[in-house]
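What follows is a single structure, written as structure tokens, with notes after it.
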There are 2 protein chains.
Amino acid sequence: MTGERTPRQDDGERRFLDAYDPGAYAPAAVTVDVAALTIRAGVPHVLLMRRTARPQLGWWALPGGFVRAQDGPDGPADPDLPDAALRVLSQKTPLPTELHLEQLGTYGALDRDPRMRVISVAYVLLAPDLPDPDTDADRAAWIPWSVLGHGIGDSRDRGGHGGGDDDRGGRAEIELAFDHARIVADAVERARSKLEYTALATAFLPPEFTITALREVYEAVWGRPLHGANFHRKILATPGFVEDTGRLADRGGSGGGRRARLYRPGGAAFLHPPLLRGAQSAPA
Amino acid sequence: MTGERTPRQDDGERRFLDAYDPGAYAPAAVTVDVAALTIRAGVPHVLLMRRTARPQLGWWALPGGFVRAQDGPDGPADPDLPDAALRVLSQKTPLPTELHLEQLGTYGALDRDPRMRVISVAYVLLAPDLPDPDTDADRAAWIPWSVLGHGIGDSRDRGGHGGGDDDRGGRAEIELAFDHARIVADAVERARSKLEYTALATAFLPPEFTITALREVYEAVWGRPLHGANFHRKILATPGFVEDTGRLADRGGSGGGRRARLYRPGGAAFLHPPLLRGAQSAPA
DNA sequence: CCAAAAGTGTTCAATGTACACCCATGA
DNA sequence: TCATGGGTGTACATTGAACACTTTTGG
């Protein structure tokens with residue numbers, strides 16, 4: 001508000017900048033990688049692509065690409081890093097109109113890419129159930145977290161009291177290129193913890209949804225059943241989490257049952273109090 | 001555990017890498033900036049340096065520098081980004097033996113540096129009270145958060161219920177170079193929220209400390225007095241936060257008073273349950 | 001003895017959890 | 001009218017905030 005991004009320039013400053021040579025530094029390549037997360041039929045998925053170039057040709061990897069530092073033949077410079085993330089992602093799959101994008105972290109170990117020094121800024125995208133990518137399924141696909149191994153599909157929380165044994169029998173089957181397994185693991189942990197204290201669960205849902213659908217998001221991401229009745233009350237007791245539309249969902253499920261109210265996201269970003277995943281078991 | 005970082009290379013892969021030209025991409029410069037936070041006499045400070053080069057010569061800025069992507073005349077390549085952060089910081093000020101360093105985020109807006117496209121990976125360092133930097137005080141200094149303005153020194157929490165009016169009269173006096181004011185604000189918010197659910201407060205303290213010293217860390221970072229008696233009990237009730245040394249502090253303060261027990265950090269990283277800054281007022 | 005700081009006991013309110021129950025709808 | 005899922009009432013345990021009080025030390 002007070003000119004934070006527009007430092008004043010005196011004359012010496014201007015002369016310096018005119019003479020500056022941007023090519024003088026030995027640089028690293030900068031990329032963005034996006035861990036796009038969604039939930040399909042109650043199962044959490046991440047968008048992966050098969051590499052079509054060396055190195056690690058044919059391996060599964062996160063969608064990503066180089067940041068456009070300056071205007072060039074490929075197109076204009078990316079104004080900021082989130083723009084780069086959305087650009088590389090939209091080149092590979094259709095994007096939803098509503099989405100949540102946040103920076104996850106930057107990965108820059110010397111040996112993480114065999115070609116050269118690559119610094120990769122990773123983003124997490126949370127989106128409602130999306131159609132399959134345009135490209136044929138062999139090149140890009142939504143993959144369940146549970147087949148990625150390395151602890152990604154596990155639902156252990158940091159306290160370690162949970163003793164649930166409800167994981168599917170599927171062992172790790174897919175190994176990812178570069179350090180992308182770690183990035184996905186970090187993205188999943190980010191999503192799990194953000195559901196505790198923010199209203200982000202609605203980012204996985206269409207614009208209008210039922211409380212049960214919201215609960216199923218929590219259950220899918222945390223990998224654990226929640227107590228429906230108490231969840232319902234807790235959501236409605238959290239100011240600004242959801243807002244009643246006054247309408248009802250079309251059907252109450254496959255069989256019978258009362259029709260559920262439809263809600264839309266409320267204005268709140270943070271939840272007071274948070275919903276904690278250290279508690280609440282399923283009813284018998 | 002299963003060779004995550006050591007992808008196997010077939011013959012084609014090896015031929016490709018031999019022929020690869022790392023200079024082919026139009027690159028950005030990558031830097032690290034460190035927001036080093038500490039508490040001196042109950043007041044939280046951040047380490048700042050006066051810029052000695054164009055652009056923005058003479059402005060206060062975070063210590064930082066370019067990542068060494070490859071081995072070169074200046075020295076060997078940085079093995080990973082945290083190494084780069086510690087390197088650039090140790091070049092400018094002595095480092096403590098015990099410290100906590102974590103990545104804050106990456107800032108890459110097109111116009112954040114007038115010279116060229118600079119992608120900056122920011123780190124937060126939490127450290128016990130450190131001596132003044134070696135360089136003369138005009139070049140590097142510990143600056144209180146409260147004089148940085150732009151909301152950095154404010155103790156508003158995200159809920160916004162707090163109405164404390166205990167801020168010092170000092171208005172914003174220092175304006176930072178580039179987008180460093182935003183980075184410091186993000187660092188301060190990171191520290192404030194991490195104290196809620198991790199045991200990181202001990203990173204601001206020497207290896208052995210009293211519960212009162214720990215409470216003063218919280219009070220300094222959150223900018224709000226806490227209820228001493230309840231705080232004491234809550235800390236001891238949180239498993240793994242602190243560990244009793246069995247010894248007592250030298251003096252119970254300047255005047256009289258019982259001597260306090262000395263504790264050291266416990267093994268726990270996360271707090272169950274968290275300490276929340278939405279509550280607890282001071283006694284009359 | 002008095003003041004000051006550390007640490008404990010206890011009460012009361014707020015919250016979280018479990019379980020019973022009623023409501024609305026389809027077959 | 002029965003099964004199914006949505007939604008509410010309520011009792012009980014757990015937690016947290018406030019305040020009174022005891023313990024230990026220096027002057």
Side-chain angles (χ1 to χ4, degrees), chain A residues 42 159 161-162 196-197 208-216 218-219 222 224-239 241-242 244-263 271-284, chain B residues 42 159 161-162 196-197 208-216 218-219 222 224-239 241-242 244-263 271-284:
Chain A
H161 355 264
E196 288 192 306
Y197 60 94
E208 301 197 339
F209 51 85
T210 65
I211 300 290
T212 298
L214 185 64
R215 176 166 50 81
E216 286 165 348
Y218 276 89
E219 292 176 333
W222 287 351
R224 183 152 58 79
L226 298 177
H227 187 132
N230 287 337
F231 181 87
H232 192 103
R233 219 177 341 219
K234 212 158 172 179
I235 297 305
L236 297 184
T238 301
F241 196 169
V242 297
D244 197 338
T245 65
R247 278 171 303 112
L248 299 179
D250 283 348
R251 342 195 74 259
S254 58
R258 184 172 174 173
R259 294 199 299 161
R261 269 198 181 83
L262 280 172
Y263 295 84
L271 304 183
H272 296 285
L275 272 73
L276 297 176
R277 50 170 163 164
Q280 260 188 356
S281 60
Chain B
H161 354 262
E196 290 192 304
Y197 60 92
E208 301 197 340
F209 50 84
T210 65
I211 299 291
T212 298
L214 185 64
R215 175 166 50 81
E216 286 166 350
Y218 276 89
E219 292 176 334
W222 286 352
R224 183 154 58 80
L226 297 176
H227 187 131
N230 287 337
F231 181 87
H232 192 104
R233 218 174 342 215
K234 214 158 170 177
I235 297 305
L236 296 185
T238 302
F241 196 168
V242 297
D244 197 338
T245 65
R247 276 171 303 111
L248 298 180
D250 282 347
R251 340 194 77 259
S254 57
R258 184 173 174 171
R259 294 199 300 161
R261 270 199 181 83
L262 279 173
Y263 294 85
L271 303 183
H272 297 285
L275 273 74
L276 297 175
R277 45 166 172 171
Q280 258 190 352
S281 59

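By convention in this document, chain letters (A, B, ...) are assigned in the order of the sequence lines, proteins followed by strands, and residues within each chain are numbered from 1.
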Legend entry - End-to-end axis angle, where each axis spans five pairs of the helix from C/dC1-D/dG27 to C/dA27-D/dT1, to 10°: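 The end-segment axes of the helix from C/dC1-D/dG27 to C/dA27-D/dT1 are tilted 10° relative to each other.
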Inset, instruction - Name all residues meeting the side-chain contact (heavy atoms from CB on, under 4.5 Å) criterion together with A/Thr212; count only those two or more places apart in sequence or in a different chain, and write none if there are none. - result: A/Thr210, A/Arg215, A/Glu216
Inset, instruction - List in chain and number order the residues that pass side-chain contact (heavy atoms from CB on, under 4.5 Å) with A/Pro274, two or more places apart in sequence or in another chain; answer none if no residue qualifies. - result: A/Tyr197, A/Leu276
Legend entry - Short side-chain N/O contact from B/His227 to OP1 or OP2 of D/dA17, under 4.0 Å: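 Checking B/His227 against D/dA17: no side-chain N or O falls below 4.0 Å of OP1 or OP2.
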Legend entry - Distance below 4.0 Å between A/Lys234 side-chain N/O and C/dT15 OP1 or OP2: no
Inset, instruction - Measure from CG on B/Leu271 to P on D/dT15 and round the result to the nearest Å. - result: 15 Å
Legend entry - Length of the NE2-C1' vector between B/His272 and D/dT15, whole Å: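 B/His272 atom NE2 is separated from D/dT15 atom C1' by 16 Å.
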Inset, instruction - Under 4.0 Å between any heavy atoms, over every strand shown, what does B/Thr212 touch: base, sugar-phosphate, or nothing? Just pick one. - result: sugar-phosphate
Inset, instruction - Could you tell me whether A/Arg261 contacts a base, only the sugar-phosphate backbone, or nothing, with contacts defined as non-hydrogen atoms closer than 4.0 Å? - result: sugar-phosphate
Inset, instruction - Identify, between A/Ala229 and B/Leu248, the residue whose nearest nucleotide on DNA chain C lies closer to the 5' end. - result: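 Nearest-nucleotide comparison on DNA chain C picks B/Leu248.
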With respect to the side chain of [X], which nucleotide from [options] is positioned closest?
X        : options               : value
B/Arg259 : C/dG7, D/dT25, D/dA18 : D/dT25
A/Arg233 : C/dC19, C/dT8, D/dT25 : C/dC19
A/Arg258 : C/dA6, D/dG7, D/dC19  : D/dG7

Inset, instruction - Show your working on side chain to side chain contact (heavy atoms under 4.5 Å, CB included) between B/Arg261 and B/Asp244 and close with a plain yes or no. - result: CA-CA 7 Å; B/Arg261 270 199 181 83; B/Asp244 197 338; 3.0 Å; yes
Legend entry - Pairing of B/Arg224 and B/Glu219 as salt bridge, 4.0 angstrom limit: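 No salt bridge links B/Arg224 with B/Glu219.
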Inset, instruction - Specify the closest pair of heavy atoms between A/Leu275 and A/Trp222, including all atoms of both residues, with the distance to one decimal. - result: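 Smallest interatomic distance, heavy atoms only, reads O-CH2, 3.7 Å.
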Inset, instruction - Please find out if less than 6.0 Å separates the ring center of A/Tyr218 from that of A/Phe231. - result: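 Yes: the rings meet the under 6.0 Å criterion.
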